[in-house]
Amino acid sequence: GIKPSEVAQVSVFRSQSPVDVSCLARCPHLQALTLTKCGISSLCGLSSCSQLVELNLQANALEQLGEMACCMANIRFMDLSGNRITSLVGLEGCPGLLELSISENRITRTSGMPCCLKLQKLVLDNNLLVNTAGLDGLPSLHHLSCIGNHLPRVSNLSNSPLLHCLNLQQNNLCEAPPLMNHVLLRELRLEENNLSDVQILTSSWLPLLQTLSLANNSISSLDSLSLMLSLESLDIRNNSICDLPLLLHALRGCFSLTSLVLEGNPLTEDPRWRRLVQGVLPSLLNLNDQEVARPKQLSFPTEVRDFPLYQLCRRQLKEQDDLIAHHNQELLSLVNSNNGSPEAVTKLLNGKVRHHQDWHGLLVKHLREHEEYGDDHIVRYIAC
């Protein structure tokens, strides 16, 4: 049998009676710990597990993070979803944290986050958030999800320029978040809020944005979306858009748009709407979740396709997609070869950390490339 001092990974996915973690004190070299649905309410026994890199404690009875400080110095990946945590105070002990999922808890505020300077992915879905104070100190943040909270606004993301995915659906947003410093954003989800005006969004330079969902709000009009030159999917169903000519103006310039959902808006009562919308979107393949025939007379404008700034965006998107595919393939191989030995566990965790470093490095490179393009290039693109 394996000696406790040689154990690198422990996984328990359900226990009929509460698990006493004090027995893990005999495993000082533990690197990956998963205890889900084990009735855990205290982590005092983890003080000896200072080498933990990955910690998964979903669906337990934890109420605070403070007592975890003794084992958090080396943690990179942590999932505390489905507990009873009310505060993020205690994260000061994990300066190297890369991923944190703390959904389905009772958190009302995000104070305590500024210490996590390396944090790249933060998931706070289905909590009780009323503000996002504390998120303005996350310069490495790539992915932020706050689905199903009570946020009336989100206005402190300017210090997270590497953000590429932002999900704020099912909140109480009365205004779209200002995104003047987020040229790498690829996915933005704002459905099921209280938005009536998204002018602050449409005036933001978002050249890599591919997916935008504004469904189930109270939006009555859209300004031009030409600053979203990579936009491929737009969902604005169940809003209050009634001015068809104004919408057509907003859609002109969306040369990459392949999917558009407009159902549930008053303008769809106009018998001409489908024909006119298809007439301004040369790449459209799906309208209201139905395939459409692409008119032969429409084509992607050559002057746009050949524009250096557009080509830069397409190259960056491809480089990101290629890196994600490579990481997924490598991660699958590492998972399949993990036999639980210290060497295999270390190799897997090191691989995951390296993937985050690779991704961060690529985003920093892409941000610098955009910074080299002055405002005159943007003006020239819009003009073309």
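- Between Arg106 and Glu63 there is no salt bridge, since no side-chain N of the basic residue sits under 4.0 Å from a carboxylate O of the acidic one.
- There is no side-chain donor-acceptor pair under 3.5 Å between Asp243 and Ser221.
- Taking CG from Leu122 and NE2 from His143, the interatomic distance works out to 8.5 Å, rounded to the nearest 0.5 Å.
- For the pair Glu99 and Lys118, the salt-bridge criterion is not met [side-chain N within less than 4.0 Å of a carboxylate O].
- Between the CG atom in Leu185 and the SG atom in Cys165 there is a gap of 7.5 Å [rounded to 0.5 Å].
- If you check the side chains of Asn149 and Gln170, you find no donor sitting under 3.5 Å from an acceptor.
- With rounding to the nearest 0.5 Å, the separation of CG in Asp223 from CG in Leu201 is 10.0 Å.
- Surrounding CZ of Arg26 are at most 12 heavy atoms belonging to other residues, nucleotides or ligands under 6.0 Å away.
- Annotation: side chain of Asp197 is not in contact with side chain of Ile219 (no heavy-atom distance under 4.5 Å).
- Atom OG of Ser11 and atom CG of Leu33 lie 7.5 Å apart (nearest 0.5 Å).
- With respect to Gln31, the side chain to side chain donor-acceptor pair (under 3.5 Å) criterion is satisfied by exactly one of Asn74, Asn350, Thr346: Thr346.
- No side-chain donor from either of Glu232 and Thr258 sits under 3.5 Å from a side-chain acceptor of the other.
- Checked against Leu212 for a side-chain contact (heavy atoms from CB on, under 4.5 Å), the options Leu257, Val198, Leu188, Leu206 give a single hit: Leu188.
- A distance of 12.5 Å separates CZ in Phe77 from CG in Leu55, rounded to the nearest 0.5 Å.
- A salt bridge links Asp289 and Arg237; the closest N-O separation between the charged side-chain nitrogens and carboxylate oxygens is under 4.0 Å.
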> Between Thr86 and Thr108, does a side-chain contact (heavy atoms from CB on, under 4.5 Å) hold up when you go through it step by step?
Replying inline: CA-CA 7 Å; Thr86 59; Thr108 58; over 6 Å; no
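- At a cut-off of 3.5 Å, with distance as the only test, a side-chain donor of Ser81 or Ser101 sits close to an acceptor on the other residue.
- Relative ring orientation between His360 and His142 is described as parallel, the plane-to-plane angle staying below 30° on a 0-90° scale split at 30° and 60°.
- With 3.5 Å as the limit, one finds a donor-acceptor pair spanning the side chains of Asn156 and Thr132.
- Remark: Arg354 engages Glu330 in a salt bridge, criterion side-chain N to carboxylate O under 4.0 Å.
- Residue His249 qualifies as open at atom NE2: its count of foreign heavy atoms under 6.0 Å is 12 or below.
- Salt bridge status for Asp321 with Arg186: present, with a side-chain N to carboxylate O gap under 4.0 Å.
- Phe13 does not carry Lys37 over the face of its six-membered ring by the limits of under 6.0 Å from the centre and within 45° of the normal.
- Side-chain N/O atoms of Asn216 and Asn238 include a donor and acceptor closer than 3.5 Å.
- In this structure, CD on Gln58 lies 4.0 Å from CG on Asp79, to the nearest 0.5 angstrom.
- A parallel orientation is assigned to the rings of His327 and His355, their planes being inclined by less than 30° (bins at 30° and 60°).
- Using a cut-off of 4.0 Å between Lys/Arg side-chain N and Asp/Glu carboxylate O, Lys365 and Glu319 are scored as salt-bridged.
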